[in-house]
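These notes concern the structure reproduced below.
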Amino acid sequence: MSMKVNSNNNVVIMAGGVGSRFWPMSTTAYPKQFIDVFGTGRTFLQMTYDRFKGLVEPENVWVVTSKQYADIVAEQLPDMPRENILLEPCRRNTAPCIAYVSWRIKSKNPKANLVVTPSDHLVTDVVEFQRVISSALRFTSETDAIVTLGMPPTRPETGYGYIQADMQVPSLRNKEVYRVDSFKEKPDLETAKKYLKEKEFFWNSGIFVWSVNTIVNSLRIYQPEISRIFEDLLPYYGTDKEQAMIDQQFPLCESISIDYAVMEKAYEIFVIPANFGWSDVGTWGSLHTLAEKDDHGNTVIGQNVKLYESRNCVIHTTEEKKVVVQGLDGYIVAEKGDTLLVCKLEEEQRIKEFSAE
């Protein structure tokens, strides 16, 4: 890299989720972010880490996860310092998670500029992603703005939250930055169709950019109780007492998302509409849409899979030597360990009940 990486740039990867929507491949013991869903040799967490290479130094990468996943994260991301893996003793949603890591980073570098990202999303155009993130980091380093990344919707999606932007006038400082009017909950189909027609609605990617001072000050204003907890722990960050203090104090936090805690209350909130092939790959169906397909609409991820008279299927059998499928239309065939799933794609919302039995 000829360009020097700005040492104030930090990335926070939120990897505490227990999503098992890709059962049997993902389980609560080994959730989606730690799995190589596309069969590329890189897990979601590793792909998330990879797309910040050249923007952020490895010592400025932070992963917040649950205690039970500490070893998995360390094993999957050997380049980052072990002490940058912050461990939550219990689940308290995204606001306490972001508060903890923000005060922790501030104790190390009060000039830090942060990108906060989920660990289990897909980005297909990494070059454009890096350009947009760089642009956002420049903007937040010069202002006290909170920046979100909004994805122009390509379909009436009811599974995502939306950002409504004021598209009349971009920011004077940066022509691709617009003010946010409001955040919208996941809509019903009629509302989603309306959002698609109007050009001011964007999918909320859950990626945020801000300076450490901006987020800490916003939390102080809107979430004083949570802020006090992490403010009081300043003497312990980076010491061998940090984990014990976090274990004691973190459970006292209210369980609340950053959207409710800060986003919907703050004034200086902006969005960059961005097109870098983003998806949260939340279902087998979305994997089928996103991954490569053969001439009959089948997505196949596995060593030696033979398909006969089958179409529109997702076959994910990376642990089996040989798999033969005949005569299926619109099915998921997936295995992991000693579990095999054969299920209609359109019935995949029922996987939860199968996996519980």
Side-chain angles (χ1 to χ4, degrees), residues 10-18 62-67 84 86-119 136-137 139-141 143-150 161-164 179-186 204-238 242-271:
N10 286 251
V11 62
V12 172
I13 302 173
M14 294 187 289
V18 293
W62 303 80
V63 175
V64 191
T65 191
S66 132
K67 270 192 144 168
N84 286 19
L86 305 188
L87 305 177
E88 301 175 322
C90 56
R91 290 172 62 74
R92 284 293 180 268
N93 213 319
T94 50
C97 156
I98 287 169
Y100 172 22
V101 69
S102 299
W103 260 276
R104 176 71 180 82
I105 292 171
K106 186 175 163 65
S107 72
K108 190 179 161 189
N109 177 8
K111 290 201 187 79
N113 215 354
L114 319 185
V115 182
V116 177
T117 176
S119 57
L137 283 165
F139 188 74
T140 58
S141 69
T143 61
D144 48 11
I146 290 173
V147 173
T148 61
L149 300 190
Y162 285 71
I163 297 166
Q164 183 178 13
R179 200 170 275 281
V180 170
D181 276 344
S182 60
F183 288 87
K184 304 289 187 189
E185 296 295 301
K186 294 175 181 176
N204 185 350
S205 67
I207 301 171
F208 309 112
V209 187
W210 44 45
S211 72
V212 76
N213 282 325
T214 296
I215 187 56
V216 160
N217 289 336
S218 301
L219 284 160
R220 280 178 184 143
I221 294 165
Y222 302 114
Q223 299 299 326
E225 284 82 8
I226 291 176
S227 299
R228 206 164 295 124
I229 287 172
F230 296 105
E231 189 97 42
D232 289 349
L233 295 181
L234 276 170
Y236 302 103
Y237 295 136
E242 177 178 348
Q243 192 63 53
M245 296 304 291
I246 286 292
D247 288 353
Q248 188 190 322
Q249 298 296 311
F250 196 90
L252 305 177
C253 291
E254 180 193 349
S255 180
I256 181 170
S257 75
I258 196 71
D259 295 55
Y260 282 127
V262 173
M263 296 296 166
E264 294 183 3
K265 299 180 169 72
Y267 294 109
E268 291 294 298
I269 297 217
F270 297 86
V271 60

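Just so we're clear, the structure is a prediction, and the values are computed from it rather than from any experiment. Note that the numbering runs from 1 along the sequence shown for the chain.
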Q) Would you call the rings of Phe230 and Trp103 parallel, tilted or perpendicular if under 30° counts as parallel and over 60° as perpendicular? A)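 The arrangement is parallel - the two ring planes meet at less than 30°.
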With no hydrogens and no angle check, is any side-chain donor or acceptor of [X] less than 3.5 Å from a backbone partner on [Y]?
X      : Y      : result
Ser107 : Leu234 : no
Gln164 : Lys184 : no
Asp247 : Pro89  : no
Ser227 : Leu219 : yes

Quick check: do [X] and [Y] have side-chain heavy atoms less than 4.5 Å from each other?
X      : Y      : value
Thr117 : Val11  : yes
Ile269 : Ile163 : no
Pro118 : Ile207 : yes
Ile246 : Leu233 : yes
Asn213 : Asp144 : no
Val115 : Asn10  : no
Arg179 : Glu268 : yes
Arg92  : Pro251 : yes

**Q.** Atom NZ of Lys186: over 12 foreign heavy atoms under 6.0 Å
**A.**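 Atom NZ in Lys186 is not crowded, with 12 or fewer foreign heavy atoms closer than 6.0 Å.
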**Q.** Heavy-atom neighbours of Tyr260 OH exceed 12 at 6.0 Å
**A.**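 Atom OH in Tyr260 is not crowded, with 12 or fewer foreign heavy atoms closer than 6.0 Å.
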Please report the shortest heavy-atom distance between [X] and [Y], naming the atom on each side.
X      : Y      : value
Arg104 : Leu86  : CG-CD1, 4.0 Å
Thr65  : Ala15  : OG1-O, 2.8 Å
Ala95  : Ala261 : CB-CB, 3.7 Å
Val271 : Gly150 : CG2-N, 3.5 Å
Val212 : Ser102 : CG2-O, 3.2 Å
Ala145 : Thr140 : O-CG2, 3.7 Å

Q. With Leu252, which residues qualify under side chain to side chain contact (heavy atoms under 4.5 Å, CB included), at least two apart?
A.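 Counting only residues at least two positions away or on another chain, Leu252 forms a side chain to side chain contact (heavy atoms under 4.5 Å, CB included) with Ile229, Gln249.
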Just verifying a value: how many Å separate [X] [atom1] and [Y] [atom2], rounded to the nearest 0.5 Å?
X      : Y      : atom1 : atom2 : value
Ile226 : Phe250 : CD1   : CZ    : 9.0 Å
Ser141 : Asn113 : OG    : CG    : 5.5 Å
Ser211 : Lys111 : OG    : NZ    : 12.5 Å
Arg91  : Cys253 : CZ    : SG    : 14.5 Å
Trp62  : Ile13  : CH2   : CD1   : 12.5 Å
Gln223 : Glu254 : CD    : CD    : 6.0 Å

**Q.** Donor-acceptor pair between Asp259 and Asn204 side chains, under 3.5 angstrom
**A.**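 The answer is yes; a qualifying pair exists.
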(Q) One pair to check against side-chain contact (heavy atoms from CB on, under 4.5 Å): Ile258 and Val116. What are the steps and the verdict? (A) CA-CA 11 Å; Ile258 196 71; Val116 177; over 6 Å; no
**Q.** Partner residues of Tyr236 under the ring pair (Phe, Tyr, Trp, His ring centres under 6.0 Å) criterion, sequence neighbours left out
**A.**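 Ring pair (Phe, Tyr, Trp, His ring centres under 6.0 Å) check on Tyr236 returns nothing, list empty.
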Q: Walk me through it: do Glu88 and Met14 pass the test side-chain contact (heavy atoms from CB on, under 4.5 Å)?
A: CA-CA 11 Å; Glu88 301 175 322; Met14 294 187 289; over 6 Å; no
(Q) Between Val12 and Ile105, is the side-chain contact (heavy atoms from CB on, under 4.5 Å) condition met? List the steps. (A) CA-CA 10 Å; Val12 172; Ile105 292 171; 3.8 Å; yes
Q: Could you walk me through whether Ile98 and Trp210 pass the side-chain contact (heavy atoms from CB on, under 4.5 Å) test, one step at a time?
A: CA-CA 12 Å; Ile98 287 169; Trp210 44 45; 3.8 Å; yes
